[in-house]
Undergrad: 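One structure follows; several queries about it will come next.
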Protein chains: 2
Amino acid sequence: MATLADVARKAGVSAATVSRIVNGSPKIVSEELRERVLRAVQELQYVPNAHAQLLARSHRTTVGVIVHDVSDPYFAEITRGLQRVASEQGRLVIICNSYRDPDRELEYVELLRAHQVESIILAGSGYHDPAFTKSLNAKLSAYMATGGRVSVVGRHKLAGDAVMPANEEGGYLIGSAVFSAGHRHVGVVAAPRQLTTTTDRLAGLRRAAREHHRTLPSKRIAYAEFDRDGGAAATAALLDADPRLTAIVALNDSMAIGALSALRERGLSVPGDVSVVGFDDMPIARDVTPPLTTVRLPLVEIGARAITMALDAPQPSPRVEEVPAEVIHRESLAEPRD
Amino acid sequence: MATLADVARKAGVSAATVSRIVNGSPKIVSEELRERVLRAVQELQYVPNAHAQLLARSHRTTVGVIVHDVSDPYFAEITRGLQRVASEQGRLVIICNSYRDPDRELEYVELLRAHQVESIILAGSGYHDPAFTKSLNAKLSAYMATGGRVSVVGRHKLAGDAVMPANEEGGYLIGSAVFSAGHRHVGVVAAPRQLTTTTDRLAGLRRAAREHHRTLPSKRIAYAEFDRDGGAAATAALLDADPRLTAIVALNDSMAIGALSALRERGLSVPGDVSVVGFDDMPIARDVTPPLTTVRLPLVEIGARAITMALDAPQPSPRVEEVPAEVIHRESLAEPRD
DNA sequence: GCTACTAGGGAAAGCCCTTTCCCCGCGCCT
DNA sequence: AGGCGCGGGGAAAGGGCTTTCCCTAGTAGC
């Protein structure tokens with residue numbers, strides 16, 4: 001690989017001059033040298049070594065993002081918003097997938113710190129696990145103590161600024177919609193209970209139930225993997241336990257799609273026999289049959305806010321921004337037949 | 001940020017010793033010093049500066065991947081296969097989204113080179129643009145000349161090893177399925193024509209048409225954006241131009257889903273009135289109504305092969321591996337009603 | 001004509017680590 | 001007892017770049 005020194009030698013100038021030209025420093029360089037240098041750069045196909053640059057430069061311009069899985073539309077949207085702001089601010093972003101593994105999350109915090117990122121953004125549900133929360137907080141605090149900025153999306157009790165999607169409220173809204181429609185036998189298809197998102201959404205659902213003078217007995221809640229197949233399995237289990245179910249609330253759209261497929265397999269029509277609602281409003285939600293009634297969170301905006309806070313001037317005390325949820329009414333929810 | 005030197009000072013040893021302990025070098029260090037150092041590392045929350053490490057170390061262990069968009073299931077799958085092999089081989093992978101912008105692709109090659117990656121993997125359709133191909137090749141060659149490894153997925157005429165998904169064959173197979181079913185009025189919903197994937201798949205379709213003594217007149221081909229809405233728009237245009245259409249071949253599943261929605265909007269049933277087929281077998285393909293007949297490419301394996309080649313010992317001449325396509329029969333394709 | 005600047009360029013000191021080379025002292029062998 | 005080998009540790013030389021500081025001319029000002 002050609003180095004700065006090679007270019008300098010070839011152009012017959014000092015390394016300093018080459019550096020100034022290549023990086024467009026404010027220092028004025030004569031047209032003649034500039035041309036000579038640029039030609040040498042071309043001929044040698046010189047590309048500056050990013051690591052050497054980062055080492056030599058004092059200011060950092062890259063931010064790290066830790067999500068569960070970018071290929072999940074939920075995170076893809078958040079990331080999109082985040083990237084937009086990042087590139088507006090001239091920042092590079094490194095994306096890390098934890099695949100819902102707390103240990104990997106910890107490792108990534110370390111990795112990002114090692115890469116000297118300017119700030120770390122943690123998105124995606126937290127875990128009900130005090131030991132983990134503690135060590136994560138320790139790492140985050142150490143990072144912040146040395147000038148690092150942290151912002152989190154939807155994580156409770158963590159160091160740094162936070163953007164909080166209204167999971168509880170969303171649960172409440174969708175629950176209200178279901179109960180108001182007149183459903184009495186409602187099953188819940190839930191993601192693993194150690195995810196705080198699950199418990200938050202569930203809490204909202206419970207609040208809605210109470211308001212409608214109903215309860216959500218735990219046997220009507222099936223926990224499964226956070227994906228389509230998990231949703232299908234949980235739905236099957238729910239139906240086996242109680243065939244009278246007239247509505248299924250899935251705690252995210254992927255699982256709702258699984259529910260749809262499980263119902264279809266049993267020859268039950270939606271919403272004729274059973275209503276189904278989801279959560280997140282993934283793009284595909286409007287394209288399944290029937291289109292899914294679900295809860296929309298302004299994900300792009302959430303991502304944008306998270307990074308904005310992280311790049312803002314540091315505040316004396318951590319900020320928390322709440323963002324509202326909204327029910328999107330489509331055809332998968334109807335009144336029970338009765 | 002604490003540095004190696006800080007740790008060394010605190011533990012009362014030399015920097016060399018700290019480095020050896022932290023990196024687990026083969027050189028033996030006494031238990032006593034090891035403990036002292038580890039304690040200092042803990043107390044200072046020391047994390048080695050990754051850039052300094054990369055600068056100091058000679059060997060590279062990270063590979064770069066350039067895709068159109070990881071959140072697209074197509075690339076998500078490829079990336080998954082790739083990541084698996086990468087972590088087996090102890091490599092880190094940097095993912096870059098070009099969002100189908102050739103210039104951004106060029107920039108990313110540069111960026112990855114700057115980051116001293118060990119190899120670059122380029123996945124996703126190429127462009128019919130000689131000027132672009134030329135400058136991309138120039139950059140790639142420069143990179144390879146300095147020991148970089150390159151492998152590409154489904155790109156023609158590019159430097160480096162290549163994994164070629166059978167786009168043409170896939171087009172042929174799905175085309176044969178449609179024509180064999182007896183369809184005579186077939187419309188094609190295509191992605192932008194400057195993508196080589198589009199033309200390859202189309203070529204296969206044409207071959208199938210010829211074999212069934214039919215043609216694919218250009219007015220039966222509608223080009224649009226590579227997404228759901230593009231598919232819907234193209235379908236609408238096709239239907240307006242010729243209401244007798246009994247089958248629509250979409251050149252990828254996202255567009256097929258758009259087609260489904262456009263047909264639904266017009267009150268046409270699938271496959272009763274019009275059959276629809278897709279390409280790629282995205283996970284969602286089986287969950288739409290009706291489930292989509294489509295072409296499956298072993299994407300995970302494609303990704304794995306691409307990185308395997310890139311990490312292999314360099315070969316004297318570039319290798320090309322073809323991977324076959326397979327039609328997945330589901331309900332969206334049926335015989336025309338007549 | 002002399003001083004006082006300024007523009008333009010270079011030398012060199014870092015940035016933080018890895019790794020080679022070297023040194024010291026100990027135990028072993030003869 | 002002397003030489004040798006080796007285990008354990010440190011000094012220092014990079015690795016490629018940025019940036020401060022300094023120097024030299026040339027220019028303007030009086």
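All heavy atoms count here, side chains included; hydrogens, waters and symmetry mates do not. Proteins get letters first, then strands, A, B, ... in listed order; numbering begins at 1 in each.
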Undergrad: With a 4.5 Å cut-off on side-chain heavy atoms, are A/Glu321 and A/Ile302 touching?
TA: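 No; the side chains remain at least 4.5 Å from each other.
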Undergrad: Mind checking whether B/His68 and B/Tyr127 have parallel, tilted or perpendicular rings, split at 30° and 60°?
TA: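 Taking B/Tyr127 first and then B/His68, their aromatic rings sit tilted (interplane angle of 30° to 60°).
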Undergrad: Pairs under 3.5 angstrom, nitrogen or oxygen only, protein versus nucleotides 25-28 of chain C, please.
TA:
none

Undergrad: Please identify which of these residues, A/Val63, A/Thr61, A/Leu112, meets the side chain to side chain contact (heavy atoms under 4.5 Å, CB included) condition with A/Val117.
TA: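 Exactly one option meets the side chain to side chain contact (heavy atoms under 4.5 Å, CB included) with A/Val117, and it is A/Leu112.
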Undergrad: Detail all sub-3.5 Å separations between protein N/O atoms and N/O atoms belonging to nucleotides 16-18 of chain C.
TA:
residue : atom : partner : partner atom : Å
C/dC17  : OP1  : B/Tyr46 : OH           : 2.6
C/dC17  : OP1  : B/Asn49 : N            : 3.3
C/dC17  : OP2  : B/Leu4  : N            : 2.4
C/dT18  : OP1  : B/Asn23 : OD1          : 3.2
C/dT18  : OP1  : B/Asn23 : ND2          : 2.8
C/dT18  : OP1  : B/Gln53 : NE2          : 2.7
C/dT18  : OP2  : B/Ser19 : OG           : 2.6
C/dT18  : OP2  : B/Asn23 : ND2          : 3.0

Undergrad: When we call it a touch if two heavy atoms are under 4.0 Å apart, what does A/Leu33 touch: a base, just sugar-phosphate, or nothing?
TA: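 It contacts sugar-phosphate atoms only.
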Undergrad: Compare all side-chain heavy atoms of A/Ile78 with those of A/Val67 and state whether any distance is below 4.5 angstrom.
TA: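 A/Ile78 vs A/Val67: side chains apart.
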Undergrad: Of the options A/Asn23, A/Val18, A/Thr17, which is the one that meets A/Ile21 in a side chain to side chain contact (heavy atoms under 4.5 Å, CB included)?
TA: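 For A/Ile21, the side chain to side chain contact (heavy atoms under 4.5 Å, CB included) check succeeds only for A/Thr17.
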Undergrad: Between B/Phe226 and B/Arg100, is there a cation-pi geometry (under 6.0 Å to ring centre, at most 45° from the normal)?
TA: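 Checked: cation-pi criterion met.
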Undergrad: I want to confirm an ordering. Mapping B/Gly12 and A/His51 to their closest nucleotides on DNA chain D, which one lands closer to the 5' end?
TA: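 Going by which nucleotide is closer to the 5' end, it is B/Gly12.
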Undergrad: With heavy atoms of chain B within less than 4.0 Å as the criterion, where does contact along DNA chain D begin and end?
TA: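 Answer, 5' to 3': D/dG8 to D/dG16.
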Undergrad: Taking the basic N atoms (NZ, or NE/NH1/NH2) and the acidic carboxylate oxygens, is any pair closer than 4.0 Å for B/Arg149 and B/Glu118?
TA: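 Looking at B/Glu118 together with B/Arg149, the answer is no, because their closest N to O distance does not fall below 4.0 Å.
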Undergrad: Within the pair A/Thr17 and C/dG8, is there a side-chain N or O less than 4.0 Å away from OP1 or OP2?
TA: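 Answer is no, no contact under 4.0 Å.
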Undergrad: Does A/Glu301 come within less than 4.0 Å of A/Arg305, counting only side-chain N to carboxylate O?
TA: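 Looking at A/Glu301 and A/Arg305, the cut-off is met.
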Undergrad: Got a salt bridge between A/Arg155 and A/Glu105, using NZ or NE/NH1/NH2 to carboxylate O under 4.0 Å?
TA: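 Between A/Glu105 and A/Arg155 there is a salt bridge, with a charged N closer than 4.0 Å to a carboxylate O.
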Undergrad: Can you confirm whether the side chains of B/Asp69 and B/Ser71 place a donor and an acceptor under 3.5 Å from each other?
TA: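 B/Ser71 and B/Asp69 do have a side-chain donor-acceptor pair below 3.5 Å.
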Undergrad: Taking CZ from A/Arg34 and C1' from C/dA7, how many angstroms apart are they, rounded to a whole number?
TA: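 Interatomic distance, CZ of A/Arg34 to C1' of C/dA7: 14 Å.
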